[in-house]
Amino acid sequence: MNLIQQIRSSIDSVLTDLYQVESNPDGLLVSDTKKEHEGDFTLTVFAIAKAARKSPEQTGQEVGEALTSRFPALFNRFNVIKGFLNLVLVDGVWITNLLAAPYSEGVLSTFMVEYSSPNTNKPLHLGHIRNNLLGHSVSEILKALGHPVIKVNLVNDRGVHICKSMLAWQRWGNGETPVSSGMKGDKLVGKYYVIFDKELKKEQAELIATGLSEEEAAKQSALMTAVRAMLLQWEAADPAVKELWARMNGWVYDGFASTYARLGIRFDKIYYESETYLLGKKIVEEGLQSKVFYQEADQSVWIDLSAEGLDKKVLQRGDGTSVYITQDIGTAQLRHDEFHPDQMVYVVANEQDYHFKVLKHILTKLGRKWADGLYHFSYGMVDLPTGKMKSREGTVVDADDLIEEMVAEAEKLTLELGKTQGMDQEEMSSLYETLGLGALKYFMLKVDPRKRMLFDPKESIDFNGNTGPFIQYTYARIGSVLRKANAEEAIARASYANITQLHDKERELIKQLARYHESLKAAAKDFNPALIAHFVYELAKSYNSFYHECPIMKEDDKEKAKFRTVLSEKTADKIQQCLHLLGIAVPERM
RNA sequence: GAACCCGUAGCUCAACUGGAUAGAGUGUUGGCCUCCGAAGCCAAAGGUUGCGGGUUCGACUCCCGCCGGGUUCACCA
């Protein structure tokens, strides 16, 4: 039983005795006491007062008196303000809590988390970075709580859009390769995707100039006709088309691999749409037979979701080729068959809210009970000051470029501060990497994932204040203290068993450490890494404040010195743990 | 047109899911390195939580109506 549970059950037993109210420790409104009042925990008593038919003040007083007299080892004193009962714990409770071993939750449900899900015709950009970091972090958080987690990626490697870059390369590429051009493979293929779009626009403008309407021009597009023909050839396994496809995708994967490696992103399993869409088509067939789907005159396959408040949705084109959702159906089935996860979490931007609603409905209508476990983790998009990023219009912040800039900034700052004495070249570049990526990752993860966020490339990302480097700095600083403290044999041998009184800053720090498990649980429940970011930020602040006021090795009382050393060590451990949950590395020196 | 999401200090974000006087960072102003690491610490200033109603002991939070922004409703993915 942890501290908060202990407090809840103490209050609960007192309430039962005093007012014979129903027993429910988890339903009690217990929160941290606001810092302008004296106390560690606060019980909000309005609801209890109502049940007891007494005034909130009187109820608070009675409960407070009962608690301090019945549990003197836990509660030291209390005060009542309006309907709030503020409880002050005995300092020894905090010390015990600090030194207690962490506990685990037992066997928990299995999660599959899908994230990243790139297209093979676009290099990774800022939006993908947010996606990757969220997916990675949510997975780590679930694991930390004891859930088995399978991290998967779904590569969008087929479809009309892929044919676009293939066609463009065929027509205008002159045999260009990553080697011949010196370009990263994903960038090279992305270049041809953009070229296609430009050529298509040119063609459309020419057609419209001959007097066609926009709609007619789109219908008559020779380029789009060629693309559709290529997709048909691809689905028919035409060797030449398949060869080109495999070759160009290979370039892209090499490019992605280096970006993932630098970001520290890994997967347990990678799915390719090209390998799952056929299963999707099979299920479409099944749905037709069971009359869940129906066919239009042109042979296209649909589902009518108007009863669910949604529209009709196409599942297969008239020419028999499959659409986006077809492969998602197949992929979900495949994953269920292979791993039987209790929950399938899709980390996908909120612009696809509708798509996932539809997907879940379809699977449910097809009688897949496990569709209940589908959860769309819908995160907000990243905005630039100029508006939305559009890869086809070139208004994107490229992932590789951004990482490079952050690392360069870290280097510049570190050199300015002149803290690289005694480091060799390898140590220095690894430090810049740690700091630059730390700043970037923390920046992306500290905000509520569900909200859209603004990224201003000009103001870039800070290294002071509520930032990754601030927390990394706190860790490095503790490391420095501990290295020196370890040299002090006297401190190492001292005991701190007789400490009963805590300094305010010590107590604050221990209290913050004690909140870790609650934060972790909340972060897992909400799929919200920002809660971990806030927790670790508060922890770093508490430590810095403590550090400023409480001498550690310079403390004359050896027992106190030892205690503060242990407190520092626990703090450093927790910082490292939390940053790990965010995918952020920690430097020993900076 | 319909559905969903969002509007909080100049800026970027919090607010324990209905609790106390709405908090941080940044920026601005001032203080702290003969003292374990100043990427730090301490302080000041900064708010009618988009607007108007309602629900109750209590509303940034829930309900209704406006205003502003975004996304989706494609045989694009």
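Values reported hereafter were calculated over all heavy atoms of this structure, with side chains retained and with hydrogens, waters and symmetry mates removed. Computed from a prediction, not measured in an experiment: that's the story for all the values here. In what follows, every chain begins at residue 1, and chains take the letters A, B, ... in the order their sequences are listed.
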Side-chain donor-acceptor pairs of residues 36-52 of chain A under 3.5 Å, sequence neighbours excluded:
| from | atom 1 | to | atom 2 | distance (Å) |
| --- | --- | --- | --- | --- |
| A:Glu38 | OE2 | A:Arg77 | NE | 3.0 |
| A:Glu38 | OE2 | A:Arg77 | NH2 | 2.5 |
| A:Asp40 | OD1 | A:Lys511 | NZ | 2.8 |
| A:Asp40 | OD2 | A:Leu89 | N | 2.8 |
| A:Thr42 | OG1 | A:Thr33 | OG1 | 2.8 |
| A:Thr42 | OG1 | A:Asn86 | OD1 | 2.7 |

Classify [X] by what it touches in the nucleic acid, base, sugar-phosphate, or nothing, heavy-atom distance under 4.0 Å.
X: A:Asp448; result: sugar-phosphate
X: A:Cys163; result: nothing
X: A:Ala476; result: base
X: A:Leu435; result: base
X: A:Met590; result: base
X: A:Lys35; result: sugar-phosphate
X: A:Leu417; result: base
X: A:Asp526; result: base

Problem - Side chains of A:Glu296 and A:Ser300, donor plus acceptor under 3.5 Å - result: no
Problem - No-hydrogen, no-angle side-chain donor-acceptor test under 3.5 Å, A:Asn350 and A:His376 - result: no
Report each atom pair, protein N/O against N/O of nucleotides 18-21 of chain B, whose distance is under 3.5 angstrom.
| from | atom 1 | to | atom 2 | distance (Å) |
| --- | --- | --- | --- | --- |
| B:A20 | OP2 | A:Lys34 | NZ | 3.1 |
| B:A20 | N6 | A:Thr42 | OG1 | 2.8 |
| B:A20 | N6 | A:Asn86 | OD1 | 2.9 |
| B:A20 | N1 | A:Asn86 | OD1 | 3.3 |
| B:A20 | N1 | A:Asn86 | ND2 | 3.4 |
| B:U21 | OP1 | A:Lys82 | NZ | 3.3 |

Problem - Anti/syn call for B:U55, syn if |chi| within 90° - result: anti
Problem - For B:C33, glycosidic torsion class - syn if within 90° of 0, otherwise anti - result: syn
Practice task
Quick one, give me the B/S/- string for nucleotides 40-45 of chain B, reading 5' to 3', where B means a protein heavy atom under 4.0 Å from the base and S means that only happens at the primed atoms, P, OP1 or OP2.
Solution key: SSS---
Fill in the blank from the handout: Assert: residue with more 5' nearest nucleotide on RNA chain B, out of A:Asp353 and A:Val447, is A:Asp353
Exercise for the section: Would you kindly compare A:Arg450 and A:Glu588 by the position of their nearest RNA chain B nucleotide and give the one closer to the 5′ end? Expected result: A:Arg450
Problem - Any N/O donor-acceptor pair, A:Thr474 side-chain to B:A39 base, under 3.5 Å - result: no
Fill in the blank from the handout: Looking only at B:C13, B:A39, B:C36, the nucleotide nearest the A:Lys419 side chain is B:A39
Completion exercise
Regarding the side chain of A:Tyr537, the nearest nucleotide among B:A77, B:A24, B:C36 is B:A24
Problem - Test item: A:Arg8 side-chain N/O and A:Asn24 main-chain N/O as donor-acceptor pair under 3.5 Å - result: no
Practice task
Keeping the roles fixed (side chain from A:Gln512, backbone from A:Phe535), state whether a donor-acceptor pair exists under 3.5 Å.
Solution key: yes
Practice task
Run the salt-bridge test on A:Lys201 and A:Asp197 with the 4.0 Å N-O cut-off and return the result as yes or no.
Solution key: yes
Problem - N-O pairing of A:Arg589 and A:Glu427 below 4.0 Å - result: yes
Exercise for the section: Go through the structure and list residues passing side chain to side chain contact (heavy atoms under 4.5 Å, CB included) with A:Gln352, not counting sequence neighbours. Expected result: A:Tyr324, A:Val348, A:His355, A:Phe356
Practice task
Output all residues satisfying salt bridge (Lys or Arg N to Asp or Glu O under 4.0 Å) with A:Asp32, sequence neighbours left out; order by chain, then residue number.
Solution key: A:Arg515
Fill in the blank from the handout: Sorted by chain and number, sequence neighbours left out, salt bridge (Lys or Arg N to Asp or Glu O under 4.0 Å) with A:Glu275 holds for none
Exercise for the section: Side-chain contact test, heavy atoms from C-beta onward, threshold under 4.5 Å: evaluate it for A:Thr414 versus A:Leu417 and give yes or no. Expected result: no
Handout entry: Under the side chain to side chain donor-acceptor pair (under 3.5 Å) test, residues paired with A:Gln576 that sit two or more places apart
Key = none
Problem - Pairs meeting criterion side-chain hydrogen bond (donor to acceptor under 3.5 Å, both in side chains) with involvement of residues 462-480 of chain A, two or more places apart - result: A:Tyr442-A:Asn466, A:Thr474-A:Asn544, A:Tyr475-A:Glu588, A:Arg477-A:Asn544
Problem - Pairwise side-chain hydrogen bond (donor to acceptor under 3.5 Å, both in side chains) hits with a residue in residues 526-542 of chain A, at least two apart - result: none
Handout entry: Secondary-structure string, 5' to 3', Watson-Crick or G-U under 3.5 Å, | for another-strand partners, for RNA chain B
Key = (((((((..((((.....[...)))).(((((.......))))).....(((((..]....))))))))))))....
Problem - C1' spacing across the pair B:U71 / B:U12, given as an integer number of angstrom - result: 22 Å
Handout entry: Partners passing ring pair (Phe, Tyr, Trp, His ring centres under 6.0 Å) against A:Tyr543 (at least two apart in sequence or in another chain)
Key = A:Phe546
Using a cut-off of under 3.5 Å, enumerate the N/O to N/O pairs linking the protein to nucleotides 7-9 of chain B.
| from | atom 1 | to | atom 2 | distance (Å) |
| --- | --- | --- | --- | --- |
| B:G7 | OP1 | A:Lys451 | NZ | 3.1 |

